[in-house]
Amino acid sequence: MAAPTLVMATRNAGKVRELRDLLQGLGIELLSLADFPDLPEIPEEGATFLENASFKAKEVARLTHLPALADDSGLEVAALEGRPGVFSARYAQDRTGGAIPSDANNWRKLLEEMQGIPWEERWARFVCEIALALPDGRIFTAQGECPGYIANEPKGEHGFGYDPVFWVPEFGCHMAELEPAIKNRISHRARALAALREILVSIKDEL
Ligand code: IMP
């Protein structure tokens with residue numbers, strides 16, 4: 001019998017690598033959107049990470065007739081009522097004349113907004129929602145979180161996005177100072193994927 005096949009609904013090579021690592025050993029053949037170059041770009045217009053991940057997974061399952069896995073993630077800052085949230089990647093777009101902002105554009109805007117806010121009120125978390133959609137319409141979801149604080153200044157060279165300004169209490173340093181192997185153990189994405197792996201194990205025979 002052929003191995004069950006799953007499409008990872010992303011074109012991001014880094015994410016594909018991370019997903020492959022975390023899902024290895026399950027006997028599932030993993031494809032990505034790179035294997036479906038003609039599929040249209042799927043918009044991320046939902047109000048929550050869960051809405052975005054679910055919509056993307058469902059669309060890709062519908063278009064490919066295969067089980068599809070999609071994620072959406074970002075940073076939620078308590079003092080900013082959960083912003084940047086689903087706008088994490090585009091947070092500083094108001095300052096770039098509509099162009100996609102760089103990671104540094106985004107975290108600079110965040111640091112400016114956090115100026116003067118005391119340490120104990122700088123609590124934040126990275127959140128990742130993953131959705132698995134089956135061609136028959138069923139959907140399974142898993143969430144992961146990584147708690148920390150918004151630092152007063154950037155530090156560290158690893159990672160991406162808001163990692164330079166995210167302080168991780170567990171390690172007493174900025175996320176961007178952690179070796180990738182350590183980040184990949186504690187990150188919101190790793191935690192969501194660990195939960196999703198359990199789901200995959202339990203429904204593998206139905207894929
Ligand atoms: P997406 O899940 O690829 O749409 O990620 C949205 C945005 O959230 C990214 O562009 C980053 O700004 C931010 N983000 C998501 N995960 C991380 C992370 O692990 N570290 C830092 N920033 C992240």
Side-chain angles (χ1 to χ4, degrees), residues 1-76 85-90 125-147 159-161 163 175 178-207:
M1 208 171 77
T5 303
L6 194 72
V7 186
M8 298 175 282
T10 179
R11 292 185 203 281
N12 176 326
K15 263 193 201 170
V16 170
R17 216 175 307 122
E18 209 176 295
L19 286 163
R20 272 190 201 289
D21 275 358
L22 281 140
L23 297 178
Q24 69 182 340
L26 286 177
I28 295 175
E29 190 185 343
L30 295 170
L31 303 178
S32 80
L33 291 188
D35 298 296
F36 298 90
D38 296 334
L39 286 197
E41 200 61 44
I42 295 159
E44 287 191 359
E45 291 167 352
T48 63
F49 299 122
L50 185 58
E51 260 176 60
N52 283 337
S54 304
F55 181 74
K56 202 187 294 183
K58 278 194 236 166
E59 276 298 278
V60 173
R62 184 177 70 79
L63 293 164
T64 61
H65 308 288
L66 287 169
L69 196 75
D71 79 322
D72 194 33
S73 60
L75 179 68
E76 292 181 344
V86 288
F87 300 109
S88 291
R90 297 164 274 163
R125 63 179 181 178
F126 282 118
V127 178
C128 175
E129 291 281 356
I130 299 190
L132 168 68
L134 305 189
D136 66 11
R138 274 183 295 164
I139 186 138
F140 302 85
T141 61
Q143 197 211 48
E145 290 183 20
C146 184
F160 70 100
D163 285 346
M175 187 71 100
L178 291 178
E179 291 296 330
I182 296 179
K183 177 181 170 187
N184 287 343
R185 257 197 355 246
I186 61 150
S187 80
H188 45 311
R189 227 175 335 276
R191 287 172 174 157
L193 272 171
L196 187 94
R197 196 185 155 99
E198 302 286 309
I199 295 172
L200 273 173
V201 168
S202 69
I203 62 159
K204 196 180 137 193
D205 293 341
E206 301 176 52
L207 293 180

Within the structure provided, determine whether [X] and [Y] are in side-chain contact (heavy-atom separation under 4.5 Å).
X: Val7; Y: Leu33; result: yes
X: Thr64; Y: Leu31; result: no
X: Leu69; Y: Leu23; result: yes
X: Leu134; Y: Leu207; result: yes
X: Ile139; Y: Lys58; result: yes
X: His188; Y: Arg125; result: no

Do [X] side-chain atoms and [Y] backbone N/O form a donor-acceptor pair below 3.5 Å?
X: Asp163; Y: Phe160; result: yes
X: Asn184; Y: Ala181; result: no
X: Arg197; Y: Gln24; result: yes
X: Ser88; Y: Leu75; result: yes
X: Lys204; Y: Leu26; result: yes

Looking at every non-hydrogen atom in both residues, tell me the closest pair between [X] and [Y] and how far apart they are.
X: Ala34; Y: Pro37; result: O-CD, 3.8 Å
X: Thr141; Y: Ile199; result: O-CD1, 3.7 Å
X: Pro67; Y: Leu132; result: CB-CD1, 4.5 Å
X: Ala195; Y: Ala142; result: CB-CB, 3.8 Å
X: Lys56; Y: Ala9; result: CD-O, 3.5 Å
X: Ala68; Y: Ala61; result: CB-N, 3.6 Å

Check ion pair Glu59-Arg62 (N to O, under 4.0 angstrom):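 Looking at Glu59 and Arg62, the cut-off is met.
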Pair Glu145 + Arg191: basic N to acidic O under 4.0 Å: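 Salt bridge flag = no for Arg191 with Glu145.
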Stepwise side-chain contact (heavy atoms from CB on, under 4.5 Å) test for Leu178 and Ile186: CA-CA 10 Å; Leu178 291 178; Ile186 61 150; 3.9 Å; yes
Chi angles and distances behind the side-chain contact (heavy atoms from CB on, under 4.5 Å) call for Leu30, Val16: CA-CA 9 Å; Leu30 295 170; Val16 170; over 6 Å; no
